[in-house]
Amino acid sequence: MSSYQVVKGARDIFPDEMVQWNYVEEVICRLAGVFGFNEIRTPVFEYTELFQRSIGASTDIVGKEMFTFCPDGSERSITLRPEMTAGVMRAVLQKNLFASAPVQKLYYISELFRKERPQAGRQRQFTQFGAELLGASSPAAVAEVIMFMMQVFGELGLDGLRLRINSLGSADDRRRYREELRSYLAPHYGMLDQASRERFEKNPLRILDSKNPDMQEIVSGAPKLHEHLGDEARRDFDQVLGYLAGRGIDFSIDHLLVRGLDYYSYTAFEVSCTALGAQDALGGGGRYDSLALELGSPKEVPAAGFAVGMERLLIAMQKQRLLPEAVPPGPEVFIIVPQQEFFDHAFDIAARLRSAGIGTTIDLAGRSMKAQLREANRMRAASALFVGGDELASGLFPLKDLASSAQEALSLDAVIGRLRHASIIKTRQP
RNA sequence: GUGAUUGUAGCUCAGUUGGUUAGAGCGCCAGGUUGUGGCCCUGGAGGUCGGGGGUUCGAGUCCCCUCAUUCACCCCA
């Protein structure tokens, strides 16, 4: 055993599990195409100010969860991305993609980093898939990102989901409400917990979704955000809900849902799953019209998006037995070399088969024939091809179907013909 | 950052009030089959019992420290 270990909060994904990841990612990519989202990749790090500006300096993420460093002491501070939205928006603004197409629909599957204590469903390096719809934030646009997210869950067969949704209103709505909330909370200030006291000044709305029962008690008597929404926000929210209901998407309205990123306005939502443990949030998102301005864009860019935790998605699917068997696909043929002195000839034949597009494996460790066959069986090779002295002399090679044990001696051309046919049939299967 | 939890073979785990060379199942390797896998049988390799210190005639077992894990708080994906 090596004395080195993976970094705390990070983990390796080995081939067995990769089969499952690939399955989920394939579904995501396919549905992204169906919904018209194109893939984007951005760097794993950005200049630190980008996140401070976008996510909000008073949030937990920026305040204590970022991996930040200065490359050379004097150079500009850099941070491993704790979320994707800011980076995507930065990239699109920098390239000025809106000049050629005013609406950009992008999706990603990317690794993120947050310096938290690891626990079930929470890592320091984790993966999110998500989508950003930039250039529109109409009720239909917001509904569309939610529909995309929910359809992925549906396609994967996930059960026990709960979609909660809320409207945070316009910036003006919130500004007015914030003052009302403060004046309500002020007499209770002495009873607020540490975190809530800090939020009282910087972002009192976050006190609303505190999980501290004492805070919830206090909040229960507070003025309601949804009663302070302007007509516009009210209408917008109703339309979003109407679109969702019309598509048969189940949701529940949660007037206390605020979420931990500062850039959201109007619609915000979160999906949780009963199959998960304490960290039961599977994904979330919302509308963020003001983010572009925050990042220095000369004009506002209406936008909405969501992100889903891939590890949590896999955990939930695992619990619900929705994942494919964790076994990497075996080769079409495993070349058996009974006598090592003929290895080079067998190696040439392997090359020919591969040139013909046939998945071919050959033992590279000089093992016994028995070991080679065992290995072929273990890796679920479809067939075994024997290449020894007799075969090279006669030009006839026994090809054994490992499932049925049927064996037949064929010329190399016949072997290639048959295996090629087999792999074509295989790839046609869904 | 706080609180608990668990560290014994590659994996899952036994290991009695402290007592000889630390075990099992699975996996791996080899043989049973002179050129044929799976099933079966036989054998083998593999452990500084997380690390350090202490108590003791003697520590996997008790004490202290430390590292790591896991779960929860917090927060979120």
Side-chain angles (χ1 to χ4, degrees), chain A residues 1-9 11 14 16 55 59-65 81-85 109-130 149 193-196 198-199 206 209-213 215 257-261 270-273 276-285 305-316 330 334-340 342 363 365 367-391 397-407 409:
Chain A
M1 197 206 316
S2 164
S3 56
Y4 289 103
Q5 290 186 295
V6 261
V7 171
K8 182 202 288 288
R11 65 188 215 94
F14 291 98
D16 287 0
I55 300 170
T59 59
D60 287 315
I61 293 175
V62 172
K64 54 188 185 186
E65 296 174 3
R81 61 186 178 200
E83 59 105 46
M84 280 298 286
T85 304
I109 301 175
S110 300
E111 288 72 37
L112 307 178
F113 307 85
R114 259 125 91 161
K115 196 168 61 192
E116 297 186 273
R117 271 286 265 277
Q119 73 181 74
R122 190 171 72 189
Q123 303 165 206
R124 289 183 159 191
Q125 177 179 331
F126 61 103
T127 313
Q128 285 185 345
F129 95 82
M149 179 179 78
D193 60 24
Q194 184 63 33
S196 296
E198 285 170 23
R199 285 171 183 157
R206 291 299 317 285
D209 64 2
S210 168
K211 284 171 194 153
N212 183 335
M215 298 305 104
L257 178 71
V258 176
R259 298 188 54 75
L261 290 80
E270 195 168 303
V271 206
S272 53
C273 182
L276 265 19
Q279 308 301 318
D280 67 348
L282 199 51
F306 71 85
V308 169
M310 289 289 286
E311 286 82 5
R312 289 184 188 178
L313 182 57
L314 274 282
I315 290 169
F334 195 112
I335 294 183
I336 307 293
V337 188
Q339 303 104 356
Q340 284 303 311
F342 299 112
D363 175 58
R367 284 181 283 187
S368 71
M369 187 174 74
K370 181 172 183 157
Q372 292 177 46
L373 272 160
R374 194 168 46 229
E375 176 70 7
N377 190 60
R378 181 173 29 234
M379 60 170 40
R380 299 193 176 187
S383 56
L385 183 71
F386 294 83
V387 179
D390 297 345
E391 290 79 6
F397 301 86
L399 179 66
K400 181 171 188 172
D401 183 309
L402 289 175
S404 68
S405 294
Q407 185 168 318

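Each chain gets a letter, A, B and so on, in the order the sequences are listed, and its residues count up from 1.
- Of all heavy-atom pairs between A/P82 and A/I55, the closest is CG-CD1, 3.8 Å.
- In this structure A/R81 satisfies the salt bridge (charged side-chain N to carboxylate O under 4.0 Å, His left out) test with no other residue, sequence neighbours excluded.
- Spacing of P atoms, B/C40 relative to B/G52, comes out at 41 Å, to the nearest Å.
- The salt bridge (charged side-chain N to carboxylate O under 4.0 Å, His left out) search around A/K64 returns A/D60, not counting sequence neighbours.
- A/F306 is linked by a ring pair (Phe, Tyr, Trp, His ring centres under 6.0 Å) to A/F129, A/F148, counting only residues two or more places apart in sequence or in another chain.
- A distance of 5.5 Å separates CZ in A/F334 from CG in A/D363, rounded to the nearest 0.5 Å.
- Taking atom C1' on both nucleotides, B/U61 is separated from B/U17 by 11 Å, rounded to a whole Å.
- Under 3.5 Å, the side chain of A/Q407 and the base of B/U36 form at least one donor-acceptor pair of N or O atoms.
- The gap from the P atom of B/C62 to that of B/U16 amounts to 9 Å, rounded to the nearest Å.
- Nucleic acid contact class of A/E391 (heavy atoms, under 4.0 Å, all strands): base.
- The nearest whole Å value for the distance from the CD1 atom in A/I55 to the C1' atom in B/C76 is 12 Å.
- Closest approach to the A/Q339 side chain among B/C76, B/G35, B/C29 is made by B/G35 (side chain taken as heavy atoms from C-beta onward).
- The side-chain ring of A/F386 is not stacked on the base of B/G35, judged by centre separation under 5.5 angstrom and plane angle under 30 degrees.
- Whole-Å rounding puts the A/L261 CG to B/C75 C1' distance at 11 Å.
- One finds the CG atom of A/L399 at 8.0 Å from the CD atom of A/Q407 (value rounded to the nearest 0.5 Å).
- When rounded to the nearest whole Å, the span between NZ of A/K115 and C1' of B/G1 equals 11 Å.
- Comparing the P positions of B/U2 and B/U66 gives a spacing of 12 Å, expressed to the nearest Å.
- Side-chain contact annotation: A/Q128 with A/S110, donor-acceptor N/O pair under 3.5 Å absent.
- Comparing the P positions of B/C63 and B/G25 gives a spacing of 32 Å, expressed to the nearest Å.
- Rounding to the nearest 0.5 angstrom, the gap separating the CE atom in A/M369 from the CZ atom in A/F386 is 6.0 Å.
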Could you list all N or O pairs between the protein and nucleotides 66-74 of chain B that sit under 3.5 Å apart?
unit_1 : atom_1 : unit_2 : atom_2 : d
B/U69  : OP2    : A/K8   : NZ     : 3.3
B/C71  : OP2    : A/A120 : N      : 2.9
B/A72  : OP1    : A/A278 : N      : 3.3
B/A72  : OP2    : A/Q119 : NE2    : 3.1
B/C73  : N4     : A/R122 : NH2    : 3.2
B/C74  : N3     : A/R122 : NH1    : 2.8
B/C74  : N4     : A/Q119 : OE1    : 3.1
B/C74  : N4     : A/R122 : NH1    : 2.8
B/C74  : N4     : A/Q279 : NE2    : 2.8

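- Distance, A/F397 CZ to B/G35 P: 18 Å, rounded to whole Å.
- We find that A/R124 and A/E116 are not joined by a salt bridge, their nearest charged nitrogen and carboxylate oxygen being 4.0 Å or further apart.
- Taking both residues in full, the closest heavy atoms of A/L276 and A/R312 are given as CD1-O, 3.5 Å, listed atom of the first, atom of the second, then distance.
- Considering every non-hydrogen atom in both A/E391 and A/G388, the closest pair reads OE1-N, 3.0 Å.
- The side-chain heavy atoms of A/L282 and A/L313, taken from C-beta on, include a pair separated by under 4.5 Å.
- Rounded to an integer number of Å, the gap from CE of A/M84 to P of B/A77 is 14 Å.
- Rounded to an integer number of Å, the gap from A/R259 CZ to B/C75 P is 14 Å.
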**OP:** Can you run through RNA chain B from 5' to 3' and write each base as (, ), [, ], | or . depending on how it pairs? Watson-Crick or G-U wobble, both distances under 3.5 Å.
**Re:** ((((.((..((((.....[...)))).(((((.......))))).....(((((..]....))))))).))))....
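- Taking atom P on both nucleotides, B/G38 is separated from B/A30 by 12 Å, rounded to a whole Å.
- Rounded to whole Å, the separation between the C1' atoms of B/A45 and B/U6 comes to 29 Å.
- Residue-level contact check: A/E270 touches neither bases nor backbone, having no heavy atom under 4.0 Å from any strand.
- Annotation: B/G54 and B/A14 have their P atoms spaced 30 Å apart (nearest Å).
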Subject >> Contact state string [nucleotides 37-45 of chain B, B base, S sugar-phosphate only, - no protein heavy atom under 4.0 Å] >> reply: BB-------
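- Between the CG atom of A/L276 and the C1' atom of B/C75 there is a distance of 15 Å, rounded to whole Å.
- The interatomic distance linking A/R312 (CZ) with B/C75 (P) rounds to 14 Å, in whole Å.
- Distances shown here put every side-chain N or O of A/R124 at or beyond 4.0 Å from the OP1 or OP2 atom of B/C75.
- Here the closest heavy-atom approach between residue A/P118 and residue A/K8 is recorded as CG-CG, 3.9 Å.
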